[in-house]
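Presented below is the structure to which this report refers.
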Amino acid sequence: MLKLENIQAGYGNILAIKDIDLEINEGEIITLIGANGAGKSTTLMTISGIVPSRSGRILFDDREIQRKEPDEIVRLGICQVPEGRHIFPELTVQENLDMGAFLRRDKKEIKRDIDYVFSLFPILAERRGQDGGTLSGGEQQMLAMSRALMARPRLLLLDEPSMGLAPLVIRQIFEIIKQINAENRTTIFLVEQNANQALHIAHRGYVIENGRIVFSGKAEELLKNTDIQKAYLGI
Amino acid sequence: ADTIKFGVAGAHSGDLASYGLPTVNAAKLVIDQVNAKGGINGKKIELLIEDDVCKPEVATNTATKLVSQGAEVVLGHICSGATKSALPIYTNANILVMSPSATNPDLTYSGEYPNFFRTIAPDDMQAKVDVDYALDKLGHTKIAVIHDKGDYGKGFAEFAKSFVEKSGKAEVVLFEGVTPGAVDYSAIVQKIKKSGAQAVIFGGYHPEAAKIVGMIKKKRLKVDFLSDDGVKDDTFIKVAGADAEGVYASGPKDTTGNPLSKAAFAEHKKVFNADAGAFFENAYTATLAMVNAIEKAGSTDLAALKKALQTEKVDTPLGNIYFDDKGDAVGIGFSVYQVQNGAFVEMK
Amino acid sequence: MDYFIELFCSGLTRGAIYALIALGYTMVYGIIGLINFAHGEIYMIGAFTAFIVATVLSIYGFPLLAIVILAGFAAVIWSSAYGYTVEKIAYRPLRHAPRLSPLISAIGMSIFLQNYVLLAQTSNFLPFPELIPEFAFMEPIAHIVGSTDIVILITTAVIMLILTIVIKGTKVGKAMRATSQDRTMAMLVGINVNRIISATFIIGSALAAVGGLLIASHIGQINFYIGFLAGIKAFTAAVLGGIGSIPGAVLGGLVLGLTESFATGYVSSDYEDVFAFSLLVLILIFKPSGLLGKAETKKV
Amino acid sequence: MLGFKEIKNGLLVSLWFVFLTFPLMVVKVDPVERIVRWRWENSLYVAIGTFAVFLLVKIIIQRRSRNAAVDKEAEQKKESFIHRVLASPRQKFTLIALLLAVAIVFPLFSSSYQTNVMTTALMYVVLGLGLNIVVGMAGLLDLGYVAFYAVGAYSYALLNHHFDLGFWAVLPIGGGLAAIFGILLGFPVLRLRGDYLAIVTLGFGEIIRLVLENWSEFSKGPSGISNISRPGLFGIEFGLDGAIIYIYYLMIVFMIVTIFIVNRLQDSRLGRAWIALREDEIACQAMGIDKRKTKLVAFSLGAFWAGIIGVVFAAKTTFINPASFTFLESAIILAIVVLGGMGSIVGVIFGALILILLPEYLRALSEYRMLAFGAILVAMMVFRPQGLISNIRRTYHSDKKFPSPTQQ
Amino acid sequence: MMATPILQISGLTMDFGGIRALNRLDLEVHAGEIVALIGPNGAGKTTFFNCLTGIYTPTAGEILLTPPGSTKNVSLKGLKPNHVTEKGLARTFQNIRLFSQMTVLENVMIGRHCRTKAFILGAILRNAATRREERQIVEMSYAILDKVGLAHLANEFARNLPYGAQRRLEIARALATEPFLLLLDEPAAGMNPQETQELDRLIKEISTDGHSILLIEHDMKLVMSLSDRIFVMDYGKKIAQGKPSEIRSNPAVIKAYLGEDVDA
Ligand SMILES: Nc1ncnc2c1ncn2[C@@H]1O[C@H](COP(=O)(O)OP(=O)(O)OP(=O)(O)O)[C@@H](O)[C@H]1O
Ligand SMILES: Nc1ncnc2c1ncn2[C@@H]1O[C@H](COP(=O)(O)OP(=O)(O)OP(=O)(O)O)[C@@H](O)[C@H]1O
Ligand SMILES: CC(C)C[C@H](N)C(=O)O
Ligand SMILES: [Mg+2]
Ligand SMILES: [Mg+2]
């Protein structure tokens with residue numbers, strides 16, 4: 001479904017990702033792991049069109065999207081939960097969720113989805129009228145996740161969705177990822193520091209180091225690889 | 001040099017540009033005519049036009065620039081403030097300066113600026129004319145004096161106030177400044193109404209005057225409105241339209257009968273395809289006077305020029321004039337006009 | 001008491017005028033956080049366009065109603081076009097620049113547009129045709145409120161209502177607020193940020209044009225410089241009311257107008273602006289984000 | 001190099017501008033005579049002009065991106081030429097010595113007009129450096145800086161007028177008074193952030209000007225104060241030309257002293273606190289920095305310089321009135337700081353020289369002067385949004401060496 | 001050990017409009033301890049830090065600080081953040097708040113601000129005392145950076161640092177203010193397991209240097225390994241407190257926060 005070919009991107013004089021090749025098939029959960037600053041977030045931002053790619057191609061359903069505007073990319077069904085949550089601070093929880101469904105017109109379904117995310121994270125329902133900016137860190141993370149779900153994406157890019165969450169909720173988040181992948185056949189591209197858990201739910205994984213993919217394979221293989229265990233799993 | 005360098009300085013951009021640009025046109029018209037006739041004593045005249053935005057600090061640059069470029073006489077500056085800051089520079093270089101519009105009394109009265117002349121009456125003179133008219137001819141006893149907070153308007157208003165007070169025939173019931181450019185003057189008009197004034201004497205320029213008389217009409221207030229030569233300008237009638245009817249304004253003695261004046265306006269229309277604008281006649285007059293003085297003096301030496309200005313009379317749109325030893329023009333009489341049927345009519 | 005009412009009405013008109021311009025100011029500020037110093041010039045251009053069209057039409061003998069409608073229409077079209085173009089040329093390239101750079105660009109634009117109109121038209125004041133006739137039924141109270149005052153007040157109120165509904169209620173409005181709060185995230189939920197910003201400038205400029213038409217016909221004259229003071233006052237009004245807030249802009253405008261009016265009436269118009277600015281300082285000390293502005297949410 | 005697409009776009013853009021400028025450029029009405037003039041030729045000029053500018057901009061952008069792509073290294077080197085010079089002490093001192101030499105001989109070789117204009121530019125360098133403390137370092141957007149300038153100017157004008165005090169006596173008084181005003185303004189507005197601060201400072205600037213305009217008994221109102229004495233030197237009075245040169249050298253000295261002081265401030269404990277305050281107020285307070293005190297000091301120091309230069313200003317023009325202290329003046333000083341590169345001393349110097357000398361040298365364009373000035377201001381911001389010269393922070397080194405830990 | 005606690009909180013309450021984020025909280029920290037504060041998202045942990053450090057003024061309750069070795073206590077309630085820091089309390093932020101346009105070293109040097117004196121005159125004259133002070137600031141900052149392992153990056157801009165390094169820089173900056181009690185808000189968030197282990201070591205080291213530590217964290221492995229005592233909050237209230245082993249098996253905590261089968 002999504003294919004990156006020799007993608008380079010960066011900020012100013014820094015080239016943050018150099019030559020990324022990867023491929024995601026419909027219905028998969030793919031995880032990208034790597035050390036801090038390896039270029040994971042940049043990869044996601046490049047897919048979403050926020051950071052412009054300097055060379056290479058990004059194909060979505062075999063169509064080039066690397067020159068498209070971010071909103072067009074969202075329109076194609078690629079949504080992202082960005083690192084650092086990016087809640088609209090002065091919109092209420094409810095309005096933040098509405099923004100997630102910005103491109104949708106099916107009012108009834110939207111309502112159903114709102115009820116659905118509230119059932120996932122009851123605390124959000126309690127905070128419905130509160131400004132997003134005053135939520136606690138974890139609540140914001142839940143909101144960010146819910147907001148992305150509201151778009152009913154075909155491909156969901158998740159950047160460290162478990163950051164700052166309580167252990168109980170982390171497990172819940174991974175369950176949800178598995179669930180939407182299984183039920184809606186939403187394809188997932190997951191970036192996680194919590195590589196261990198990520199690999200447990202993923203089908204395949206990529207390892208990025210200094211802006212380059214250095215390893216890829218089935219999730220189980222990665223879990224067994226001793227180098228990866230040492231470097232990223234903390235074992 | 002083979003040309004005579006004639007400086008023109010004033011506000012050519014910024015909010016006061018409309019008072020400075022007509023002077024440039026006037027100078028161009030006169031100098032073109034002179035040059036067409038072969039110049040003065042065989043020398044052509046070259047114009048050096050410099051903007052001072054009516055700001056004192058810019059005016060010093062303008063002045064030093066003109067001096068450095070070898071200007072021999074200068075027409076300008078437009079604003080009294082800019083003129084005051086520029087004058088020491090010209091004084092130092094012994095250059096004659098003649099302003100068409102700087103009305104601050106100090107410029108001539110103080111005696112500090114020996115090289116300064118002007119073709120416009122100082123504030124106090126006009127104020128006197130207006131006050132006398134309001135008290136003696138119109139017989140008002142309650143006067144509101146309003147001004148635009150500017151150096152010209154406020155200066156004029158302060159004189160008007162003191163003349164009214166000194167006369168003992170009337171009292172000043174209101175003395176206030178309005179903010180030029182404000183979007184609405186109804187509050188001050190209501191205040192005039194409350195003060196019970198029979199006449200408003202306004203110091204300032206026609207845009208504000210037009211707004212105030214418009215508002216006076218709108219608020220159905222019946223007062224006489226008298227003002228200065230910043231208002232005695234055809235633009236005022238154009239802008240204020242019907243509201244202008246009945247407004248009094250002081251200005252140089254009737255010039256409409258003066259063929260030179262007619263010719264100047266016609267010439268302007270022909271060359272620039274537009275109306276002349278503020279101080280055009282004064283600038284035209286000043287240019288003629290300076291050209292005449294240079295011709296008579298046979299040089300641009302300051303002393304010779306001064307002498308020529310003070311002794312040689314010259315025909316101008318404002319009349320047959322010469323200058324007194326302070327630098328003010330003599331022969332530009334002042335009278336009061338009233339707008340009647342869309343034109344200024346001199347009140348005898 | 002009469003005097004009080006008279007001053008009050010004067011203040012309302014003045015305030016509504018400020019409000020009309022402040023609305024555009026506050027919208028633009030709300031979305032890109034830019035103090036758009038060129039907004040006053042957009043207003044001036046709107047007034048000039050209305051002047052030109054109205055005068056041409058009246059020379060060609062059109063009826064008053066047609067003149068008002070066509071002049072208004074033209075003013076809105078061209079002001080919006082200028083607003084859109086200015087944003088594209090002077091602000092869009094500066095999206096990622098340090099915060100103050102667009103401010104300087106805006107000041108440059110303001111100087112440019114003033115001189116552009118000065119050169120293309122004239123430096124002189126021009127008489128603005130009276131587009132709003134004196135309604136006969138108003139005659140009994142004409143010495144307190146005139147027809148133009150009423151039209152200005154009503155227009156301001158209507159525009160404020162419509163805008164508030166648009167911003168609070170509609171998708172576009174929400175997209176505007178979202179864009180202003182987090183541009184990256186707005187893109188990530190599928191908002192075309194450039195289009196939303198352009199739309200904001202177009203709406204803001206259209207409002208300025210309406211203001212230009214009404215105000216110019218109230219004052220009866222225009223020149224290339226009228227935008228400057230109006231712009232500063234509108235900016236003050238927008239901040240007073242809480243910048244970014246639509247009802248705030250109107251409230252701010254009214255408070256400012258009333259303050260100036262009463263200051264003139266009971267103290268002296270010499271110091272009306274001093275009163276206005278002192279009030280501003282005072283209000284901001286007690287309500288640092290303006291009358292209706294949202295208090296800063298301080299969550300760390 | 002320029003393809004068909006660019007040409008087409010260019011045509012579209014010029015078409016748009018023809019439409020845009022139609023009412024103002026083509027139609028001219030005389031409302032009284034009731035004449036309409038259609039100046040169609042202007043549309044042609046607009047079309048051609050826009051097309052040319054469009055292509056020019058395209059070419060510049062292409063050049064830029066090509067350069068950036070082909071040899072980024074070289075580009076970078078060129079970019080940081082000034083930085084490199086400043087980084088190497090030897091080159092730095094050579095450069096400074098050279099500039100100083102030029103500055104010293106300058107008045108001997110140029111007309112008094114040139115000297116005068118250069119003095120003005122130098123004054124704005126110092127004003128820019130002063131405002132730079134407030135805006136560039138402490139991040140407080142001040143749109144009313146000119147108020148302090150006015151305080152300085154009127155201090156000298158009034159004290160000179162009434163008490164015949166000399167330039168040197170008033171210099172510290174003017175600076176001190178301005179600093180006090182800075183604190184007075186600072187107190188109420190400290191709670192405000194960002195652009196709310198901007199409007200209040202703007203208002204404050206206007207209040208000062210309006211008071212000067214209306215309180216005639218005190219300030220002589222709009223007609224201003226004339227015949228202010230030029231500065232002397234130990235009782236020596238100069239003629240006009242002498243005074244112009246004297247003030248020029250005075251400003252050179254002032255500028256050097258200011259640069260020296262501002263430079264030291266920037267690299268001090270206080271300077272660091274200002275910059276941190278600009279970055280994040282909350283974190284700053286959590287680090288134990290007293291927000292109020294630090295901001296107040298920034299305000300009053302900035303104001304101090306404005307006051308000093310105000311005194312020089314009054315002495316130089318010998319006449320002042322409130323019209324010199326309008327908002328536009330504050331805007332220009334702010335533009336100097338931003339254009340130069342916020343917080344950068346070298347940048348401010350360049351910014352002041354450009355923005356003050358530009359309108360003077362644009363005089364050649366006569367009536368198009370301010371039009372061009374506005375356009376250039378926009379263009380400079382668009383092409384160098386981060387300012388001409390970015391700030392370089394001093395780097396600190398420890399006596400001990402800390403090797404980078406071996407990568408595993 | 002019944003020494004007076006260095007920090008003593010009683011009845012601390014914080015309301016936001018209708019929401020009671022802290023509900024009569026009692027808590028104390030003793031000298032030399034590492035105390036962890038855990039609880040579900042939105043329990044009020046960060047709010048608690050904000051009340052301590054003067055960013056919020058609590059609705060009710062008392063906060064008493066007793067510098068080690070002293071018997072006199074001071075109330076922190078209502079103090080401004082900078083005064084709290086001067087009293088010896090420093091913190092890091094959950095959402096990183098570094099001075100991103102400043103270098104790593106300068107960030108730490110800012111931390112020294114409240115322990116140094118040079119002012120305008122000192123800055124301009126750069127006299128001997130000022131020079132000495134600056135020297136000390138630099139040396140000390142370098143030493144702190146070395147401790148957190150960032151000395152080699154001293155002259156980088158803070159914004160260019162990887163996330164994990166930024167978290168450590170936050171700690172370094174807080175340490176520079178010489179706190180006797182250090183408040184850490186989720187220091188391990190966004191770190192990978194490897195970095196978390198390094199952080200574990202770092203915090204222990206800081207503790208042995210004599211700083212007491214109050215820590216908010218969701219990474220149970222880290223919490224269990226570090227803390228002497230743990231407080232558990234939910235809905236602004238304390239629901240449990242005790243040794244790690246006790247907390248791990250506390251049913252209320254498991255229900256509200258940990259969930260069944262903790263793998264830590
Ligand atoms: N806005 C930015 N400006 C400049 N450099 C940046 C920016 N964002 C990231 N970088 C740099 O790009 C590189 C890759 O960063 P990126 O955020 O993609 O890493 P990451 O793998 O997501 O790391 P983390 O685990 O910390 O989230 C890093 O060296 C980082 O310093
Ligand atoms: N300024 C505020 N206005 C309104 N509500 C607030 C404000 N600050 C915090 N809250 C609410 O108070 C509660 C406690 O928030 P706090 O940030 O302290 O949680 P936390 O325990 O740190 O959670 P997390 O682990 O997710 O960071 C949250 O529900 C939050 O929504
Ligand atoms: C153009 C005007 C501002 C000039 C005015 N008459 C003056 O004396 O300053
Ligand atoms: Mg990342
Ligand atoms: Mg928290």
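All chains are named by letter (A, B, ...) in the order of the sequence lines, taking the proteins before the strands, and each is independently numbered beginning at 1.
Residue C:Asn124 touches chain B through both its backbone and its side chain, counting heavy-atom pairs closer than 4.5 Å. Residue B:Lys211 touches chain C through both its backbone and its side chain, counting heavy-atom pairs closer than 4.5 Å. At a 4.5 Å heavy-atom cutoff, C:Gln114 makes no contact with chain B through either its backbone or its side chain. Within the 4.5 angstrom heavy-atom criterion, atoms from both the backbone and the side chain of C:Asp270 approach chain B. Proximity to chain B involves both the backbone and the side chain of C:Phe125, based on heavy atoms less than 4.5 angstrom apart. Only the side chain of C:Thr148 comes within contact range of chain B, judged by heavy atoms closer than 4.5 Å. Contact annotation for C:Asp149: only side-chain heavy atoms (C-beta onward) come within less than 4.5 Å of a heavy atom of chain B. Heavy atoms of B:Ile188 lying under 4.5 Å from chain C belong to its backbone as well as its side chain. With a threshold of 4.5 angstrom between heavy atoms, B:Pro22 does not approach chain C through any atom at all. Heavy atoms of B:Ala274 lying under 4.5 Å from chain C are absent altogether. The contact between B:Thr235 and chain C is made entirely by side chain atoms (from C-beta outward), counting heavy-atom distances below 4.5 Å.
Side-chain N or O atoms of B:Ser227 include none that pairs as donor or acceptor with a backbone N or O of B:Ala249 at under 3.5 Å. Panel note: side chain C:Ser217, backbone C:Glu130; no donor-acceptor pair is recorded below 3.5 Å. In this structure, B:Asp51 contributes its side chain and B:His12 its backbone to a donor-acceptor pair below 3.5 Å. Between the B:Ser99 side chain and the B:His77 main chain, a donor and an acceptor come within less than 3.5 Å of each other. Side-chain N or O atoms of B:Glu208 include one that pairs as donor or acceptor with a backbone N or O of B:Gly181 at under 3.5 Å. B:Gln338 places a side-chain N or O within donor-acceptor distance of the main-chain N or O of B:Gly246, the cut-off being under 3.5 Å. Without hydrogens or angle criteria, B:Thr103 side chain to B:Asp123 main chain gives no donor-acceptor distance under 3.5 Å. When atom types are taken as modelled, the side chain of B:Ser162 and the backbone of B:Phe159 share a donor-acceptor pair closer than 3.5 angstrom. Put simply, the side chain of B:Asp228 gets close to the backbone of B:Gly204: a donor and an acceptor are under 3.5 Å apart. Between the side chain of B:Lys232 and the backbone N or O of B:Gly251 there is no donor-acceptor pair closer than 3.5 Å.
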Applying side chain to side chain contact (heavy atoms under 4.5 Å, CB included) to B:Val213 and B:Phe236, what does each step give before you reach the verdict?
CA-CA 11 Å; B:Val213 295; B:Phe236 171 70; 4.2 Å; yes

Original post:
side chain to side chain contact (heavy atoms under 4.5 Å, CB included) between C:Phe275 and C:Leu279: does it pass, once the steps are laid out?
Top reply: CA-CA 6 Å; C:Phe275 275 94; C:Leu279 178 85; over 6 Å; no

| What do the steps show when you test B:Glu281 against B:Ser261 for side chain to side chain contact (heavy atoms under 4.5 Å, CB included), and what is the final call? | CA-CA 7 Å; B:Glu281 280 178 300; B:Ser261 167; 2.9 Å; yes

Notebook entry, point to check: After noting the C-alpha distance and the side-chain angles of B:Asp52 and B:Glu50, does the key distance pass the side chain to side chain contact (heavy atoms under 4.5 Å, CB included) rule?
Noted result: CA-CA 7 Å; B:Asp52 70 5; B:Glu50 295 296 346; over 6 Å; no

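Residues of residues 150-157 of chain C lying under 4.5 angstrom from chain B, judged on non-hydrogen atoms, do not exist. When the heavy atoms of residues 38-58 of chain C are compared with those of chain B, none of the residues falls under 4.5 Å. Annotation: residues 254-265 of chain C contacts chain B through C:Ser261, C:Thr264, C:Gly265 [non-hydrogen atoms, separation under 4.5 Å]. Taking 4.5 Å as the heavy-atom cut-off, the residues of residues 218-227 of chain C that approach chain B are C:His218, C:Ile219, C:Gly220, C:Gln221, C:Phe224, C:Tyr225, ordered by number.
Checked against a 6.0 Å centroid threshold, the rings of B:Tyr152 and B:His147 do not count as neighbours.
Between C:Leu282 atom CG and C:Phe277 atom CZ the span is 14.5 Å, to the nearest 0.5 Å. Distance OG1/B:Thr179 to CG/C:Asp273: 4.5 Å, rounded to 0.5 Å. How far CZ of B:Phe175 is from OG of C:Ser268: 9.5 Å, rounded to the nearest 0.5 Å. Atom-to-atom distance recorded for C:Ile107:CD1 and C:Asn36:CG is 11.0 Å, nearest 0.5 angstrom. In this structure, CG in B:Leu75 is found 4.5 Å from OG1 in B:Thr287, a value given to the nearest 0.5 Å. Taken from CG in B:Asp148 to NZ in B:Lys154, the straight-line distance is 10.5 Å, to the nearest 0.5 Å.
Considering only heavy-atom pairs separated by less than 4.5 Å from chain C, the leading option among B:Lys194, B:Lys238, B:Lys193, B:His206 is B:Lys194. Options B:Gly241, B:Ala182, B:Pro207 differ in how many heavy-atom pairs under 4.5 Å they form with chain C, and the most are formed by B:Pro207. For the options B:Gly20, B:Ala17, B:Gly177, B:Ala210, heavy-atom pairs under 4.5 Å to chain C are most numerous at B:Gly177.
Residue C:Tyr266 is tested with C:Phe8, C:Tyr3, C:Tyr271 for a ring pair (Phe, Tyr, Trp, His ring centres under 6.0 Å); the sole match is C:Tyr3.
Around the NZ atom of B:Lys142, the shell of radius 6.0 Å holds no more than 12 heavy atoms that belong to other residues, nucleotides or ligands.
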